[in-house]
Colleague: 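This is the structure, below, for whatever I ask next.
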Number of protein chains: 2
Amino acid sequence: MERNKSPKRMGRPRSFDIDRALDRALVVFWRKGYEGASLSDLTKAVGVNRPSLYAAFGDKEALFRKALDRYLKGPAAYTQEALREPTARAVVERLLLAAADLNTARRNPGGCLMVQGALACGDAADSIRQELTACRAAGEAAMRRRFERAKSEGDLPPNVKPADLARYIATVLYGMAVQAAGGVGRSKLHRVVEMALRTLPM
Amino acid sequence: MERNKSPKRMGRPRSFDIDRALDRALVVFWRKGYEGASLSDLTKAVGVNRPSLYAAFGDKEALFRKALDRYLKGPAAYTQEALREPTARAVVERLLLAAADLNTARRNPGGCLMVQGALACGDAADSIRQELTACRAAGEAAMRRRFERAKSEGDLPPNVKPADLARYIATVLYGMAVQAAGGVGRSKLHRVVEMALRTLPM
DNA sequence: CAATATCTGTACCGATAGGTATGGTAGAGG
DNA sequence: CCTCTACCATACCTATCGGTACAGATATTG
């Protein structure tokens, strides 16, 4: 329906930028979670009236999914890049450090949208909770595959299972997100990363 | 006002047990979080009408605080006990294992109330969020003090700072809570614990 | 220019949120 | 026994929730 934004379309043109709006909405969801972010919060942050939001993105759930998508392709894209590091240890190092930085970047809310977006919620938000759970599982699976490759390259000790390592690293990532959501700052998270790295089995 | 429950009081006696009610409410808050748990959810789970709930516990916020208190003194009391283990390693081991078990106990919701009770939320729930944040910080501080004692007993390597170790262990605990909230089961969490223990600096 | 298509702003919708007034009810004190 | 007190149940309150109808505004199309 409203696919293109460069080709001239008929009718009154949209008075705001879709991606900017999505960024604003993202920040609200990030800070307050899916349930805690009201439509009034969102419209106020975006600077657009309610019907315009609905026309552009659909209902609240659709808006969240689009914001999540933008989160994954924007702030959280470091995960993809980190997996391209040459060694398993370098992957982990970069992953943890980038996460620590993202979770505590001053210009956006503390923590991680995939964790605090909808960790426990009412029935109405349950599909969002499931989506975020799936998202986290997908990230973990990507790590596991990367570690499987590392294993095949002799880059991992024989007593370390890729799936276990991936789950462990994911656990540290989620834990850091909780810490950051509670206001723990970057330097402290860096020391967590240091501890995690120091104790790595490779 | 309604302090005692054993001394016979005047008037019609309460038709439900305060602690049982609190347990039921706790489960709802645990599963849905503070915001996601509606009064209707709570009254339905407790099996009591709304005014009775208000008379017994005060408003929703007060009810949550009482449920949290019960959580800390009940299911989460393992934390206190674990700190009494003789060595730092034993403390950590017991803490992580007990947390893994509590987070995945079949008879209650997955995860940890202190984490998913209100990690990110709207303004109305912010005081609860702060309380939970403070709760987590308190637990972390207790660990830190325990590790300081360990250090003074020569039970910790010289290059390990008690505060850093405590924060790291707390991070793993929170991460496990997120995993469990997403449905990860006990055996997988046990492998996370195994990884964490294997890589411990002592 | 008109005709048409899309967006904006106001004002509103029903449903539900948390919270409470009120009148009936059950037990203790006298 | 009656009274007094506290609790129970229904029914209701206001505020806000997510979502939308409608009319005016602004652009392209012909």
Side-chain angles (χ1 to χ4, degrees), chain A residues 1-22 24-25 28-29 32-67 118 121-128, chain B residues 1-18 20-21 24-25 28-29 32-67 118 121-128:
Chain A
M1 196 88 62
E2 16 95 4
R3 294 266 88 62
N4 324 315
K5 60 186 216 178
S6 32
K8 296 296 178 61
R9 316 174 47 207
M10 239 179 309
R12 179 173 178 174
R14 183 174 286 122
S15 70
F16 62 96
D17 181 80
I18 288 273
D19 289 335
R20 279 246 175 274
L22 223 36
R24 306 279 190 165
V28 176
F29 281 129
K32 301 193 168 186
Y34 177 74
E35 265 183 337
S38 73
L39 262 293
S40 299
D41 291 331
L42 292 164
T43 55
K44 191 175 169 185
V46 173
V48 155
N49 291 93
R50 213 170 287 218
S52 299
L53 256 193
Y54 275 82
F57 303 106
D59 64 6
K60 189 187 178 185
E61 192 171 321
L63 174 58
F64 182 88
R65 287 180 203 276
K66 285 173 183 165
C121 55
D123 304 324
D126 203 65
S127 79
I128 295 294
Chain B
M1 194 92 59
E2 14 95 2
R3 292 270 88 62
N4 327 314
K5 61 187 218 177
S6 33
K8 296 298 178 60
R9 317 172 44 207
M10 241 179 310
R12 179 175 178 175
R14 181 176 285 123
S15 69
F16 61 96
D17 181 78
I18 287 273
R20 279 245 174 275
R24 305 279 189 164
V28 176
F29 282 131
K32 300 193 168 186
Y34 176 75
E35 265 183 337
S38 74
L39 262 293
S40 299
D41 292 331
L42 292 164
T43 55
K44 190 175 171 183
V46 173
V48 155
N49 292 92
R50 212 171 289 217
S52 299
L53 214 66
Y54 274 83
F57 303 107
D59 64 6
K60 190 186 178 186
E61 191 170 323
L63 174 57
F64 181 88
R65 287 181 204 275
K66 285 171 184 169
C121 56
D123 304 325
D126 203 66
S127 79
I128 294 295

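Sequence lines set the chain letters: A, B, ... in the order given, protein chains first and strands last, and positions in each chain run from 1.
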Colleague: Give the rounded distance in Å between these two atoms: CG of Leu63(B) and P of dT20(C).
Modeller: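 Atom CG in Leu63(B) sits about 14 Å away from atom P in dT20(C).
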Colleague: Can you check whether Ser52(B) has a side-chain N or O nearer than 4.0 Å to OP1 or OP2 of dC8(D)?
Modeller: yes
Colleague: Taking only the side-chain heavy atoms of Tyr54(B) (C-beta and beyond), determine which of dC8(D), dG19(C), dT8(C) contains the nearest atom.
Modeller: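 Of the candidates, dG19(C) comes closest.
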Colleague: Measure the distance from CZ on Phe16(B) to P on dA9(D) and round it to the nearest whole Å.
Modeller: 10 Å
Colleague: State the CG-CG distance between Asp59(B) and Leu53(B), to the nearest 0.5 angstrom.
Modeller: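 Answer for the CG-CG pair, Asp59(B) versus Leu53(B), is 10.5 Å.
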Colleague: If you measure from CG on Leu22(A) to CG on Asp17(A), what distance do you get to the nearest 0.5 Å?
Modeller: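 So the gap between those two atoms works out to 9.5 Å.
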Colleague: Do Tyr34(B) and Cys121(B) make a side-chain contact, defined as non-hydrogen atoms from C-beta onward lying under 4.5 Å apart?
Modeller: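 Counting from C-beta outward, Tyr34(B) and Cys121(B) never come under 4.5 Å.
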Colleague: Please compare Asn49(A) and Glu61(B) by the position of their nearest nucleotide in DNA chain C and report the one closer to 5'.
Modeller: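 This one resolves to Asn49(A).
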Colleague: Mind checking what makes side chain to side chain contact (heavy atoms under 4.5 Å, CB included) contact with Asp126(B), not counting sequence neighbours?
Modeller: Arg129(B), Gln130(B)
Colleague: How close or far is atom P of dT10(C) from atom CG of Leu53(A), stated in whole angstroms?
Modeller: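 The answer, rounded to whole Å, is 15 Å.
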Colleague: Which heavy atom of Ala21(A) sits nearest to which heavy atom of Phe57(A), and what is that distance?
Modeller: CB-CZ, 4.1 Å
Colleague: Quick one: list whatever passes side chain to side chain contact (heavy atoms under 4.5 Å, CB included) with Ser15(A), sequence neighbours left out.
Modeller: none
Colleague: Return yes if some donor-acceptor pair links the side-chain N/O of Lys60(A) with the main-chain N/O of Ala37(A) below 3.5 Å, else return no.
Modeller: yes
Colleague: Whole-Å distance between dG18(D) P and Asp123(A) CG?
Modeller: 16 Å
Colleague: Round to the nearest Å and state the distance from Lys60(B) atom NZ to dT16(D) atom C1'.
Modeller: 13 Å
Colleague: Return the value, rounded to whole Å, for the distance between atom OH of Tyr34(A) and atom P of dC17(D).
Modeller: 14 Å
Colleague: Please list every donor-acceptor pair under 3.5 Å in which a side-chain atom of residues 41-50 of chain B meets a protein atom from a residue at least two apart or in another chain.
Modeller:
residue: Asp41(B); atom: OD1; partner: Lys32(B); partner atom: NZ; Å: 3.4
residue: Asp41(B); atom: OD2; partner: Lys32(B); partner atom: NZ; Å: 3.3
residue: Asp41(B); atom: OD2; partner: Ser38(B); partner atom: N; Å: 3.1
residue: Asp41(B); atom: OD2; partner: Ser38(B); partner atom: OG; Å: 3.2
residue: Thr43(B); atom: OG1; partner: Leu39(B); partner atom: O; Å: 3.1
residue: Thr43(B); atom: OG1; partner: Ser40(B); partner atom: O; Å: 3.1
residue: Arg50(B); atom: NH2; partner: Ser40(B); partner atom: OG; Å: 3.2

Colleague: Is the distance from OP1 or OP2 of dT8(C) to the nearest side-chain N or O of Ser15(A) less than 4.0 Å?
Modeller: yes
Colleague: Counting only non-hydrogen atoms, which of residues 36-43 of chain B are less than 4.0 Å from DNA chain C?
Modeller: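 Those residues whose heavy atoms fall under 4.0 Å from DNA chain C, taken from residues 36-43 of chain B in numerical order, are Ala37(B), Ser38(B), Leu39(B), Ser40(B).
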Colleague: Where do Gly122(A) and Glu35(A) come nearest, in terms of heavy atoms and distance?
Modeller: N-OE2, 2.6 Å
Colleague: Could you check how far CZ of Phe57(A) sits from C1' of dG19(D), rounded to whole Å?
Modeller: 16 Å
Colleague: Using a 4.0 Å heavy-atom cut-off to protein, can you give one letter per nucleotide of nucleotides 24-30 of chain D, 5' to 3': B if the base is in contact, S if only the sugar-phosphate is, - if neither?
Modeller: BBBBBS-
Colleague: Tabulated below should be each protein N or O lying under 3.5 Å from an N or O of nucleotides 11-13 of chain C; please produce it.
Modeller:
none

Colleague: Mind calculating the distance between CD1 (Ile128(A)) and P (dG18(D)) to the nearest angstrom?
Modeller: 13 Å
